[in-house]
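Keep in mind it's a predicted model, so treat the numbers as computed, not measured.
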Amino acid sequence: MDERVNEPTEKKGTAIWPWLRARAAAARHGWLGIGLSAKLLVLTALFVTLAEILIFLPAIANYRVSWLNDRLTAANVAALAAEAVPGRTVPPALRNELVRTALVRAVAIRRGGARRLVLPPVSELSIDEHFDLREPTDLTLTQELSIRLSQIGDAVSVFFAPDDRVIRIVGLLGPRYDDVIEVVLPEETLKRAMVRYGMNIVYLSIMISLITAALVYFAISALLVRPMMRISRNMLSFGENPEDSSRIITPSGRADEIGIAERELAHMQRQLTQALFQKTRLAQLGLAVSKISHDLRNMLANAQLISDRLTTIPDPTVQQFAPKLIASLDRAINFCNTSLRFGRAEEAEPRRDLMRLKPLLDEVAEGLGLSRDGKIAWIVDVDDQLLIDADHEHLFRVLSNLTRNAVQAIESKSDHDKSDEIRVKAWRDGRRVFIEISDTGPGVPERARETLFRPFQGTTRKDGSGLGLAIASELVGVHGGKLELVDTGLGAAFRFDIPDRAVR
């Protein structure tokens, strides 16, 4: 039977927890759903109210202690008047006037351990509470804090005490701690005085709270909320069309954290807009190249057929250059067939062979005319027997792009002369071959170094595309190596490494 009686209670107690969790979740959802301005207003009002409560409680406690000390002072004056009466026999009329003026019911004095009732009560009194207002002079900080908290508790209890409560108050009568004056009084008068004082504080606190909350709200709204809302609106607007540069936020010029956020956001938006613009250009370029390469491949095929007839001419000069012309045309046709390869996520896997590096460098120099015109010294510091494990066409493109950039850099110098040179060094270190191409050109500007290997961004020439270094870096990367700029103090130097294939 007990189990059946307790069962509904257990179910009811168990069911209340989901309800409380649901209410807490709803409150949290409601709080998260309101705007920043509303949150600021609620928090400002809450904190100001909390501050006023912290001010109100000590103030009302001090008022109570002060009011009771005034009653002790008035009672002391009444006691002195009563003792001045001849024979210390106070007439009833005088006694009633003294206690009425002091707002007390009875007064007693204790000196030297002897207690005397100076103004006795008219009738027997029942004392409900006792309060000692004496404070020792050698209090520690902890003891003083404990007394203040006790006084706050006593002051709060006045508002909830019965109206007919009678209290006894003990206070100092002189410098001696044992010389005291005791008064008995109804607490109703104190309660009315504290209510009036408390209401005055409440009205004043409400006014101060409203003014302070309004000032804090408008100040924080102007300094933080509105700038944050401006940033939020700009981010939403920019997200609708990131390629529209007019939607980039204009920093306000502030030097604080909001200003830093605005400037960093503007910088990030500009970078994103430029990146999207570059991707759009790449997409358009890829479409244009695919169209051009189709027709260009047919033209080169015709030129290849014509060049094949040159091999039948017995002229020695023609026989010397015809194979090179045919090889160049074959390479150009191959480039047309793979013109969209750079637009892929990565280059195709290289078809690697172990080959000598020196003949490939001679082929690059011949293709760029460095071995014929002599305007720029071509210095090759490479062992004739140095072998490299790489894709022939890939490595040719890397060396050709780096060398062509060096030629263009030297030719852009205003004081270009025959003392300028392009130097190629290569060496093997274990299972890696390192190749370094340096020139005596003007070098790479500091502003171009961060974007040196990015398409359309790494060029330092007005008419450059910035693709050469990007292509070279990607081709070196598919071999497992890395292309980097080397600081030499003169001109520019690029170094890359090609590791040998892993042994299986």
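For the pair Arg64 and Ile60, the minimum side-chain heavy-atom distance is 4.5 Å or more. By the 4.5 Å heavy-atom criterion applied to side chains, Thr140 and Leu145 are not counted as neighbours. His392 places none of its side-chain heavy atoms less than 4.5 Å from the side chain of Asp353. Side chains of Met355 and Leu360 form a contact here, defined as non-hydrogen atoms less than 4.5 Å apart. The shortest side-chain heavy-atom distance between Ile379 and Val424 does not fall under the 4.5 Å cut-off. When side chains are defined from C-beta on, Met268 does not count as touching Arg263, because their heavy atoms never get closer than 4.5 Å. Considering only heavy atoms from C-beta on, Ile498 stays 4.5 Å or farther from Asp389 through its side chain. Between Leu265 and Ile231, some side-chain heavy-atom pair lies under the 4.5 Å cut-off.
The existence of a salt bridge linking Asp497 and Arg431 is excluded, since no basic side-chain nitrogen approaches an acidic carboxylate oxygen closer than 4.0 Å. A salt bridge does not link Asp429 with Arg432: every distance from a Lys NZ or Arg NE/NH1/NH2 to an Asp or Glu carboxylate oxygen is 4.0 Å or more.
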Mind running side chain to side chain contact (heavy atoms under 4.5 Å, CB included) on Leu357 and Ile435 for me, showing each step along the way?
-> CA-CA 10 Å; Leu357 179 61; Ile435 302 175; 3.8 Å; yes
Audit row: Gln269, Asn234, side-chain hydrogen bond (donor to acceptor under 3.5 Å, both in side chains) steps and yes/no = CA-CA 10 Å; Gln269 289 177 338; Asn234 175 266; 2.8 Å; yes
Take Tyr203 and Met199 through the side chain to side chain contact (heavy atoms under 4.5 Å, CB included) test and state the conclusion after the steps.
-> CA-CA 6 Å; Tyr203 295 146; Met199 292 306 296; 3.2 Å; yes
CA sep, side-chain torsions, deciding dist, call: Arg351, Glu393, side chain to side chain contact (heavy atoms under 4.5 Å, CB included) | CA-CA 9 Å; Arg351 293 177 294 181; Glu393 292 301 320; 5.8 Å; no
Could you walk me through whether Ile437 and Arg423 pass the side chain to side chain contact (heavy atoms under 4.5 Å, CB included) check?
-> CA-CA 6 Å; Ile437 301 178; Arg423 182 179 296 271; over 6 Å; no
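Judged purely by atom type and a 3.5 angstrom limit, Ser473 has no side-chain atom pairing as donor or acceptor with the backbone of Ala470. Thr273 places a side-chain N or O within 3.5 Å of a backbone atom of Pro242 that can act as its donor or acceptor partner. Thr403 places a side-chain N or O within donor-acceptor distance of the main-chain N or O of Leu399, the cut-off being under 3.5 Å.
Counting only residues at least two apart or in different chains, side-chain hydrogen bond (donor to acceptor under 3.5 Å, both in side chains) contacts with residues 248-259 comprise Ser252-Glu262, Arg254-Asp256. Listed by first and then second residue, the ring pair (Phe, Tyr, Trp, His ring centres under 6.0 Å) pairs that reach into residues 474-495 are His394-His479, sequence neighbours excluded.
Distance check: Leu395 CG to Glu363 CD gives 10.5 Å after rounding to the nearest 0.5 Å. Taking CG of Asp244 as the start and CZ of Phe238 as the end, the distance is 9.0 Å to the nearest 0.5 Å. Residue Arg247 holds its CZ atom at 11.0 Å from CG of Leu236, rounded to the nearest 0.5 Å. Phe434 contributes atom CZ, which lies 7.0 Å from atom CH2 of Trp427 (distance to the nearest 0.5 angstrom). Rounded to the nearest 0.5 Å, atoms CG (Asn401) and CG (Leu475) are 8.0 Å apart. Note that the CZ atom of Arg397 and the CD atom of Glu474 stand 8.5 Å from one another [nearest 0.5 Å].
The only member of Ile410, Val407, Leu402 that meets side chain to side chain contact (heavy atoms under 4.5 Å, CB included) when paired with Asp439 is Ile410.
Around the CE atom of Met235, the shell of radius 6.0 Å holds no more than 12 heavy atoms that belong to other residues, nucleotides or ligands.
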